[in-house]
Trainee: 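Right, I'll just put the structure down here and ask away after.
Since we're looking at a predicted model, the values are computed, not measured. Only this structure's heavy atoms are used, side chains among them; waters, hydrogens and symmetry mates stay out. The residues of the chain are indexed from 1 along the displayed sequence.
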Amino acid sequence: MSISQSGPIRILLVDDHTIIRDGLRDLIASRQGMLVVGDAGTSNEALRIASEAQPDVIVLDLDLGAESGLELLPRLLDAAAGASVIILTGTRDVEQRDRAIELGAKGVVLKESGATELLSAIEKVHRTGEYWLEPGATKRLLGRRSSGQTDEPDPETLKINALTQTERELIHYIGEGLDNRQIAQRMHIAESTVRNNLSRIYDKLEIQGGRLGLLVYAYRHGLVKPAARAAN
């Protein structure tokens, strides 16, 4: 899916090492069409900047010292509903990297891969809406299930696990039959934010048919209670 964009790609950097953030700032500044709108070394700082700046892309390290990038990831997506998260990490734990994709990250870049790959990942994820996965990730995420490993979640579970708490709450209100204006009032957000979140939900769950398609999917997979009434 191609996404039409104008202006520079606005980027938030989240890494607990100041020297890494400074290096990334210099790298991104050298690339035409990209702009760093903030950098953070802690979860609280990252959430504050994400909420205020509403970046297009968040570059997130999984290891934030005493804090976990995996735990922070869904909260960042809640704070900046229109952002795509790219994991920039040096961890050798492929389970953590794959889990980040399940939680909603759109790409993974290893720190050893170099500057060009990170810049290319930022551009592709933002401009096209597609994923940027490291070699072997697709095989790990999808191939293991077909090889008979029953402890792997099925594709629908992977998609549902990628929903943020805000997106789940929005689906609940859709199940109650509320329109965008009513949902915005309940959630204390703008109607445009509701629309942006709905677009993200449709993409994540691969929903066809808009709100009705989402309702059918939500009832089928237990995202709304049977007692909730459908929207008109």
Side-chain angles (χ1 to χ4, degrees), residues 1-15 20-21 23-40 46 49-62 69 72-89 97-98 100-139 141-142 155 158-159 162-164 166-167 190 192-208 210:
M1 177 181 64
S2 177
I3 299 177
S4 175
Q5 298 289 346
S6 60
I9 305 172
R10 304 171 68 257
I11 301 164
L12 168 61
L13 307 172
V14 184
D15 193 294
I20 298 294
R21 300 200 305 274
L24 290 173
R25 268 189 174 276
D26 291 341
L27 170 66
I28 291 169
S30 70
R31 186 77 156 207
Q32 185 176 3
M34 294 186 184
L35 174 68
V36 175
V37 295
D39 65 83
I49 298 174
S51 178
E52 293 175 355
Q54 293 296 305
D56 300 312
V57 175
I58 301 172
V59 177
L60 172 66
D61 191 1
L62 290 181
L72 176 60
L73 199 163
R75 298 168 66 196
L76 284 172
L77 291 174
D78 276 346
S84 298
V85 173
I86 293 177
I87 302 300
L88 178 64
T89 182
R97 303 200 300 257
D98 292 348
I101 297 298
E102 295 172 8
L103 289 172
K106 293 298 293 286
V108 174
V109 176
L110 300 180
K111 288 182 176 179
E112 63 193 46
S113 298
T116 300
E117 180 163 343
L118 175 61
L119 295 175
S120 297
I122 291 171
E123 289 181 335
K124 178 178 180 180
V125 165
H126 180 64
R127 301 297 185 194
T128 71
E130 298 177 6
Y131 284 81
W132 183 282
L133 298 178
E134 59 180 302
T138 301
K139 184 177 181 180
L141 288 166
L142 301 177
L158 292 177
K159 289 189 285 188
L163 294 170
T164 67
T166 293
E167 290 163 349
S192 60
T193 304
V194 174
R195 291 193 295 270
N196 288 338
N197 273 289
L198 274 173
S199 294
R200 289 178 64 90
I201 292 168
Y202 296 151
D203 286 343
K204 285 183 178 181
L205 301 181
E206 300 179 3
I207 296 295
Q208 302 293 326

Trainee: Quick one: list whatever passes side-chain contact (heavy atoms from CB on, under 4.5 Å) with E206, sequence neighbours left out.
Mentor: K159
Trainee: Identify, with sequence neighbours excluded, every residue that meets side-chain contact (heavy atoms from CB on, under 4.5 Å) alongside E112.
Mentor: R92, L110
Trainee: Can you name the residues that form a salt bridge (Lys or Arg N to Asp or Glu O under 4.0 Å) with K124, not counting sequence neighbours?
Mentor: E130
Trainee: Apply side chain to side chain donor-acceptor pair (under 3.5 Å) to R200 and list each qualifying residue two or more places apart in sequence or on a separate chain.
Mentor: E167
Trainee: What pair of heavy atoms forms the shortest contact from V125 to Y131, and how long is it?
Mentor: CG2-C, 4.5 Å
Trainee: To the nearest 0.5 angstrom, please state how far the CG atom of L77 sits from the CG atom of N197.
Mentor: 10.0 Å
Trainee: Is any side-chain heavy atom of L88 closer than 4.5 Å to one of L60?
Mentor: no
Trainee: For residues V108 and W132, determine if any side-chain heavy atom of one lies less than 4.5 Å from a side-chain heavy atom of the other.
Mentor: no
Trainee: Measuring from D61:CG to I20:CD1, what's the distance to the nearest 0.5 Å?
Mentor: 8.0 Å
Trainee: Which donor-acceptor pairs under 3.5 Å do side chains of residues 31-40 form with protein atoms, sequence neighbours excluded?
Mentor:
unit_1	atom_1	unit_2	atom_2	d
R31	NE	E123	OE2	3.2
R31	NH2	E123	OE1	3.1
D39	OD1	R21	NE	2.8
D39	OD2	R25	NE	2.8
D39	OD2	R25	NH2	3.1

Trainee: Using the test side-chain contact (heavy atoms from CB on, under 4.5 Å), find all partners of L27 that sit at least two apart in sequence or belong to another chain.
Mentor: L24, S30, A115, L118, L119
Trainee: If the test is side-chain contact (heavy atoms from CB on, under 4.5 Å), which one of D56, V109, I11 qualifies with I122?
Mentor: I11
Trainee: What residues form a salt bridge (Lys or Arg N to Asp or Glu O under 4.0 Å) with R195, not counting sequence neighbours?
Mentor: none
Trainee: Tell me, which pairs form a side chain to side chain donor-acceptor pair (under 3.5 Å) where one or both residues lie in residues 73-89, sequence neighbours left out?
Mentor: D78-T164, D78-T166
Trainee: Who passes side-chain contact (heavy atoms from CB on, under 4.5 Å) against A100, sequence neighbours left out?
Mentor: L62, L70, L73, I87, A105
